[in-house]
Undergrad: 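Encoded as structure tokens, here's the structure I'll be asking about.
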Amino acid sequence: MKKRVFSGIKPSGNLHIGHYLGAIKQWVQMQDNYDNIFCIVDLHAITVPQDPKVLKAWTREITGLYLAAGIDPKQSIVFVQSHICAHAELAWILNCFIPMGWMQRMTQFKEKSQKLKEQVSTGLFDYPALMAADILLYDTDVVPVGEDQKQHVELARDVAQRFNSIYGETFKLPEPVIPKVGARIMGLDDPTRKMDKSETAPGHAINLLDPPDVIRSKLMRATTDSLKEIRFDGNRPGVYNLLVIYELFSGKSRQEIEAHFDGKGYAALKKELGDVVVEGLRPLQERYRKLTADPSHIDSILADGADRARPMAEKTLALVKERVGLG
Ligand code: TYM
């Protein structure tokens, strides 16, 4: 029996190379060796205000991008979170087993609530309970995510353990899987901050569907430093981030990359980086255009995915309700 992978992305903005390098690329690499479920987590997206039409469009765009990146919907289940009621229902039950103190420690909530101030919803605070429900409904073994989601996966594991200790073996304990390189791609305009889809500054992120000239110009404007040498040095976040992106798109070793850029300047690095990113994204962009030419194709994949995932989710939820004494 293959181990189960579960992961997801919020349809709350344009997908960028951070999502690709930190998450989707791993999913594709792991796909053959695992039994996979990939979700588009629209209930998480509404923890901050969304335009209804745009939300639906992003849900379909992200599905198209999963497939264009190499997720095979025959092999892997791809579905929309709100299509399966069990997610919201289990989230409520888990809420009742998560101490407030655990939630108050979540760094993502602290960061986001500082930015949003009085617009912060209760849903945003409760976000990790819904994420735990997503993961625990499917007997998930591993959750491939970027570094920013590690704490949430650990909370899912902690609540599973707590529930099991009260009611007996019910949930499998999931493990986060974080890539060694690329787990935290930083903003091009400010390499001390994570590349984030909620950032709107034009030079912040390279989006997966950006045209080649846009990709090149964003990279040419990326923040570096006043030094010259091109080396993988974590103390120089701008150059380090560009080199990590180069490493992941080119597939070359750090030694080869440093030797290649020896004696060259930042302009050369940015230009060559533009070439590898444009070429790296070209096949994905071409496949995306073909896959989405007929919008009903994406909808039928999502309907099929929900039909395959629903019985699994309902089985877990029924067991949980039985254990707790509901009904
Ligand atoms: P989201 O939509 O913020 O991000 C989706 C995935 O992309 C990774 N990621 C990054 N990796 C590297 N560098 C970056 N700059 C970067 N930005 C984003 C994230 O770590 C994530 O893996 N809460 C999740 C969605 C979710 C989920 C789940 C994930 C809901 N339920 C269950 C796994 C399992 C989120 O908001 O991801």
Side-chain angles (χ1 to χ4, degrees), residues 4-28 30 36-48 50 55 58-59 61-62 65-66 69 77 79-82 84 87-88 90-91 94 106-109 111-112 123-124 126-157 159-160 174-199 204-208 237 240-241 244-245 248 309 313:
R4 162 88 29 88
V5 159
F6 183 98
S7 201
I9 298 184
K10 270 195 314 286
S12 56
N14 289 312
L15 287 205
H16 54 62
I17 55 170
H19 299 113
Y20 178 67
L21 301 174
I24 303 174
K25 200 166 159 239
Q26 274 61 244
W27 305 354
V28 175
M30 293 166 83
N36 313 280
I37 307 182
F38 300 115
C39 190
I40 298 95
V41 293
D42 55 350
L43 294 171
H44 277 108
I46 62 163
T47 54
V48 295
Q50 300 292 342
L55 176 58
W58 268 330
T59 296
E61 182 174 302
I62 292 182
L65 285 168
Y66 283 6
I77 295 179
F79 78 100
V80 180
Q81 187 185 34
S82 66
I84 300 184
H87 288 251
L90 181 61
L94 294 178
M106 295 292 112
T107 53
Q108 190 160 54
F109 176 73
E111 281 163 21
K112 290 204 172 178
L124 190 69
D126 199 31
Y127 186 110
L130 180 58
M131 183 159 160
D134 298 340
I135 296 169
L136 300 180
L137 276 175
Y138 300 97
D139 290 335
T140 302
D141 295 288
V142 286
V143 187
V145 283
E147 195 186 87
D148 61 331
Q149 296 301 318
K150 185 166 178 248
Q151 197 184 29
H152 290 160
V153 180
E154 285 166 354
L155 185 135
R157 188 182 167 88
V159 67
E175 292 277 357
V177 172
I178 316 287
K180 284 199 184 71
V181 181
R184 192 173 182 84
I185 300 294
M186 309 307 275
L188 298 181
D189 56 343
D190 178 358
T192 61
R193 281 167 44 228
K194 187 190 76 165
M195 191 177 278
D196 190 336
K197 58 171 127 60
S198 67
E199 274 309 318
H204 174 74
I206 295 178
N207 297 325
L208 295 182
Y240 184 76
N241 191 41
V244 164
I245 299 170
L248 292 168

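The basis for the numbers below is simple: all heavy atoms, side chains too, and nothing from hydrogens, waters or symmetry mates. Position 1 is the first residue of the sequence; numbering continues from there. As the structure lists them, so they are numbered: ligands from 1, and atoms in each ligand from 1. Bear in mind the structure is a predicted one, so any value in this text is a computation, not a measurement.
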Undergrad: Under 4.0 Å from a heavy atom of Lys194: which atoms of ligand 1 are those, numbered in the order shown and with their elements?
TA: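 That gives atoms 15 (N) of ligand 1.
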
Undergrad: Does ligand 1 have a heavy atom under 4.0 Å from the side chain of Arg184, from its backbone, from both, or from neither?
TA: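 Backbone only.
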
Undergrad: How does Cys39 reach ligand 1, by side chain, by backbone, by both or by neither, if only non-hydrogen atoms under 4.0 Å count?
TA: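 No part of Cys39 is near ligand 1 at this cut-off.
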
Undergrad: Which heavy atom of Pro179 sits nearest to which heavy atom of Val145, and what is that distance?
TA: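 Between these two residues, the closest heavy atoms are CD-O, 3.4 Å.
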
Undergrad: For the atom pair CD (Gln81) and CG (Leu137), what is the distance rounded to the nearest 0.5 Å?
TA: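 So the gap between those two atoms works out to 10.0 Å.
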
Undergrad: Does Met186 come within less than 4.0 Å of ligand 1, judged by its heavy atoms?
TA: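 Judged by the 4.0 Å heavy-atom criterion, Met186 does not count as contacting ligand 1.
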
Undergrad: I want to confirm something. Looking only at heavy atoms, which of Gln81, Met195, Lys197, His19 is nearest to atom 2 (O) of ligand 1?
TA: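 It is Lys197 whose heavy atom sits nearest to atom 2 (O) of ligand 1.
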
Undergrad: Judging by distance only, is a nitrogen or oxygen of Val145 under 3.5 angstrom from one on ligand 1?
TA: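 For ligand 1, there is no N or O atom that lies under 3.5 Å from one belonging to Val145.
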
Undergrad: Taking all non-hydrogen atoms of both residues into account, name the closest pair between Met195 and Ile17 and its distance.
TA: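 That would be SD-CG1, 3.8 Å.
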
Undergrad: With heavy atoms of Asp134 as the reference, note each atom of ligand 1 found under 4.0 Å away.
TA: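 Those atoms are 28 (C), 30 (C), 31 (N).
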
Undergrad: For atom 37 (O) of ligand 1, which of His44, Gln108, Gln149 has the closest heavy atom?
TA: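 Shortest heavy-atom distance from atom 37 (O) of ligand 1: Gln149.
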
Undergrad: Check each heavy atom of Ile135 against ligand 1 and say whether those closer than 4.0 Å belong to the side chain, the backbone, both or neither.
TA: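 Side chain only; the backbone of Ile135 stays clear of ligand 1.
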
Undergrad: In terms of residue, atom name and distance, what is the protein heavy atom nearest to atom 3 (O) of ligand 1?
TA: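 Here the nearest protein heavy atom works out to Lys10 NZ, 3.4 Å.
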
Undergrad: Gly182: heavy atom below 4.0 Å from ligand 1, yes or no?
TA: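 A heavy atom of Gly182 does come that close to ligand 1.
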
Undergrad: Out of all atoms in ligand 1, which are within 4.0 Å of some heavy atom of Gly22? Include the element for each.
TA: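 It comes down to these atoms of ligand 1: 11 (N), 12 (C).
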
Undergrad: Just to be sure I read this right, does ligand 1 sit under 4.0 Å from the backbone of Ile185, its side chain, both, or neither, counting only heavy atoms?
TA: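 The part of Ile185 near ligand 1 is both the backbone and the side chain.
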
Undergrad: In terms of the angle between their ring planes, are His44 and Tyr127 parallel, tilted or perpendicular, with boundaries placed at 30° and 60°?
TA: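 Rings of His44 and Tyr127: tilted, 30 to 60°.
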
Undergrad: Would you tell me which option among Tyr127, Phe6, Tyr20, Trp27 has the nearest heavy-atom contact to atom 23 (N) of ligand 1?
TA: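 Residue with the shortest heavy-atom distance to the ligand atom: Tyr127.
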
Undergrad: For ligand 1, is any non-hydrogen atom under 4.0 Å from Ala23's backbone (N, CA, C, O), its side chain (CB onward), both, or neither?
TA: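 Side chain only; the backbone of Ala23 stays clear of ligand 1.
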
Undergrad: Using ring centroids (six-membered ring only for Trp), state whether Phe109 and His152 fall under 6.0 Å.
TA: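 No, they do not, as the ring centres are separated by 6.0 Å or more.
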
Undergrad: So, is His16 polar-close to ligand 1, with some N/O to N/O distance under 3.5 Å?
TA: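 No; the residue has no nitrogen or oxygen that sits under 3.5 Å from a nitrogen or oxygen of the ligand.
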
Undergrad: Under 4.0 Å from a heavy atom of Ser7: which atoms of ligand 1 are those, numbered in the order shown and with their elements?
TA: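 It comes down to these atoms of ligand 1: 33 (C), 34 (C).
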
Undergrad: Show which atoms of ligand 1 fall inside a sub-4.0 Å distance from at least one heavy-atom site of Asp148.
TA: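 Near Asp148, the atoms of ligand 1 are 19 (C), 20 (O).
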
Undergrad: What atoms in ligand 1 come closer than 4.0 Å to a heavy atom of Val143?
TA: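 Those of ligand 1 that fall under 4.0 Å from Val143 are 33 (C), 34 (C).
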
